[in-house]
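Below is one structure, written out as structure tokens, with a few remarks after it.
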Number of protein chains: 2
Amino acid sequence: MSSAEVLASVDIVALRLDCEAQLELLVLRRPRAPFAGQWALPGVLVNGRSADVSLEAAAARALASKARLQPAYLEQVATLGNAVRDPRGWSLSTFYLALVPPQAQVEGEDLRFVPLAEVLQGRLPLPFDHLHLVRQAGERLASKAVYSGVPLYLLEEHFTVTEALAAFQACIGQPVQHTTLRGRLERMKSEGWILDTGEKNQPRRGRPQTVWRHTPRQSQGVFTFDRSVLI
Amino acid sequence: MSSAEVLASVDIVALRLDCEAQLELLVLRRPRAPFAGQWALPGVLVNGRSADVSLEAAAARALASKARLQPAYLEQVATLGNAVRDPRGWSLSTFYLALVPPQAQVEGEDLRFVPLAEVLQGRLPLPFDHLHLVRQAGERLASKAVYSGVPLYLLEEHFTVTEALAAFQACIGQPVQHTTLRGRLERMKSEGWILDTGEKNQPRRGRPQTVWRHTPRQSQGVFTFDRSVLI
DNA sequence: ATAATAGTGTCTGTGAGACATTATGTA
DNA sequence: TACATAATGTCTCACAGACACTATTAT
């Protein structure tokens, strides 16, 4: 059997929070055709010649080699494949949702974070069907945020309730009651996923904030609640 | 750029319920090397030469052409890719969970349903990493069954609470309170996902059963509850 | 003191768990 | 009648929603 005529790639939808707790998307200026010079999702081709032992490894390589980023959370979202998404022919994209801590230093000539909202509204066009991938990854994040602790991976290891609240709301796209979140954090604490450092953080004005620390048991696992935050 | 040296396939984990409400897995005797003659998951290669317009179409083709089956539910689970899963080299498998109604007529020389439990226990070995795919698909089904109406796709369109209960329990692998299920069905009814036909079914002995009808709004959608069935 | 922000308490509603009770059929 | 199976009712508990109230800081 000859090698199959299909182009397989791994693409990354990497998100972080900006200083106003809005989601940002990592984009990269494409070095090669097609769409050379355009901003697009970082990705790599997977084939027998690349050294990756697995798809996961290819995803990690895409982020590490193109952006020198190590995600706090990495999850495969889905694989999209059809005959028209790439002008070169039948192609497959297995795409991942990556969550990276805020203020990662990646600004450069051909690498930057852009507001996710701009992309979703089409004001910042992406080549291929990358907008579709971004949408699906965003929906995955939103749906997981209502019943899991996933948004904590967008924060520094040490965080406050206010920061966590902003992260959940950014992921879900809806307001969340702080009392609800406090209850959930309390449950995560009792199961060892986070802990109260005892430290306090002093905001510009007002009462000092409790500082929590995110300590996921297994790396990149998610704490799952048995209820959805009702919207 | 030459065609990439990667083998891409779509594999199907098709499940149905036997007459004792145990899950069964569809397996197919491989016509070609590698592993010719062994029972394995049905699947097809995807490449530019096959006529599939998309991965979804390839998945449907795999089921239709190899088993003449049309699934009531079809969902992409994930894509597994690495250098060692196929002796021919670096390969990708995008695999789908398919739910088919009971008593579908597919028995044949090189096509049959086998008890899922036998496969999971390793008493019925599968080639490649197919056991791994089956496990992941099974876990996906179990996790969805606790907060959605997915198991109803394993039933005939007309069903009773007892049948539904058996389906949920088979998917979850745990007993479920019939009162809980009745409550959920009532909620699905009020949102139009199922309806009370008014008919009754008379079991061998005992009170007649209400006959419900599964009428999913959008084909293959799932009703989602905002709580998990607490285990 | 006042404003701002963090954190707690209270009441309600929903829906699951557990289990008793009632309903309706067959043998 | 006895028995089997289906369906309902009741009570408790966990937890989200909503919102009032208290606590602790800076200005």
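This structure is a prediction, so every number in the text was calculated from the model and none was measured. Just so we're on the same page: letters track the sequence lines, and every chain starts at 1.
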**Study point:** Spacing of CG belonging to Leu69(A) relative to CZ belonging to Arg16(A), to within rounding of 0.5 Å
**Key:** 8.5 Å
Check your understanding: Nearest-Å distance, CG (Leu165(B)) to P (dT5(D))?
Key -> 14 Å
**Study point:** Minimum-distance nucleotide to Arg182(B) side chain [options: dG7(C), dA7(D), dA26(D)]
**Key:** dA7(D)
Practice item. Could you check how far CD of Gln202(A) sits from P of dT5(C), rounded to whole Å? Key: 12 Å
**Study point:** Value in whole Å for how far the P atom of dA6(C) lies from CG of Leu181(A)
**Key:** 12 Å
Practice item. Give a yes or no answer on whether the side chain of Asp18(A) reaches the backbone of Ala21(A) with a donor-acceptor pair at less than 3.5 Å. Key: yes
Review point. Looking only at side-chain N and O atoms, does Thr162(B) come under 4.0 Å of OP1 or OP2 in dT5(D)?
Key: no
Practice item. Using only side-chain N and O atoms of Thr210(A), determine if any of them is under 4.0 Å from OP1 or OP2 of dG7(C). Key: yes
Point to revise | Integer-rounded Å distance: dA1(C) P and Arg205(A) CZ | key: 18 Å
Point to revise | N-O pairing of Glu75(B) and Arg140(B) below 4.0 Å | key: yes
Point to revise | Spacing of Asn201(A) atom CG relative to dG7(C) atom C1', expressed in whole Å | key: 15 Å
Review point. Rounded to the nearest Å, what distance is computed from the NZ atom of residue Lys200(B) to the C1' atom of nucleotide dT5(D)?
Key: 13 Å
**Study point:** Heavy-atom neighbours of Glu157(B) CD exceed 12 at 6.0 Å
**Key:** yes
**Study point:** Atom-pair distance (CD on Glu186(B); C1' on dG9(D)), nearest Å
**Key:** 14 Å
**Study point:** Proximity of Tyr153(B) and His214(B) rings by center, below 6.0 Å
**Key:** yes
**Study point:** Atom-pair distance (CZ on Arg204(B); C1' on dC3(D)), nearest Å
**Key:** 12 Å
Exercise for review: Could you tell me whether a side-chain N or O of Thr215(B) sits under 3.5 Å from a main-chain N or O of Trp193(B), the two making a donor and an acceptor?
Suggested key: yes
Point to revise | Backbone of Glu191(A) reached by a side-chain donor or acceptor of Arg217(A) within 3.5 Å | key: yes
Practice item. Sugar-phosphate means primed atoms, P, OP1 and OP2; the rest is base. With that split, encode nucleotides 14-22 of chain D 5' to 3' as B, S or - using protein heavy atoms under 4.0 Å. Key: BBSSBB---
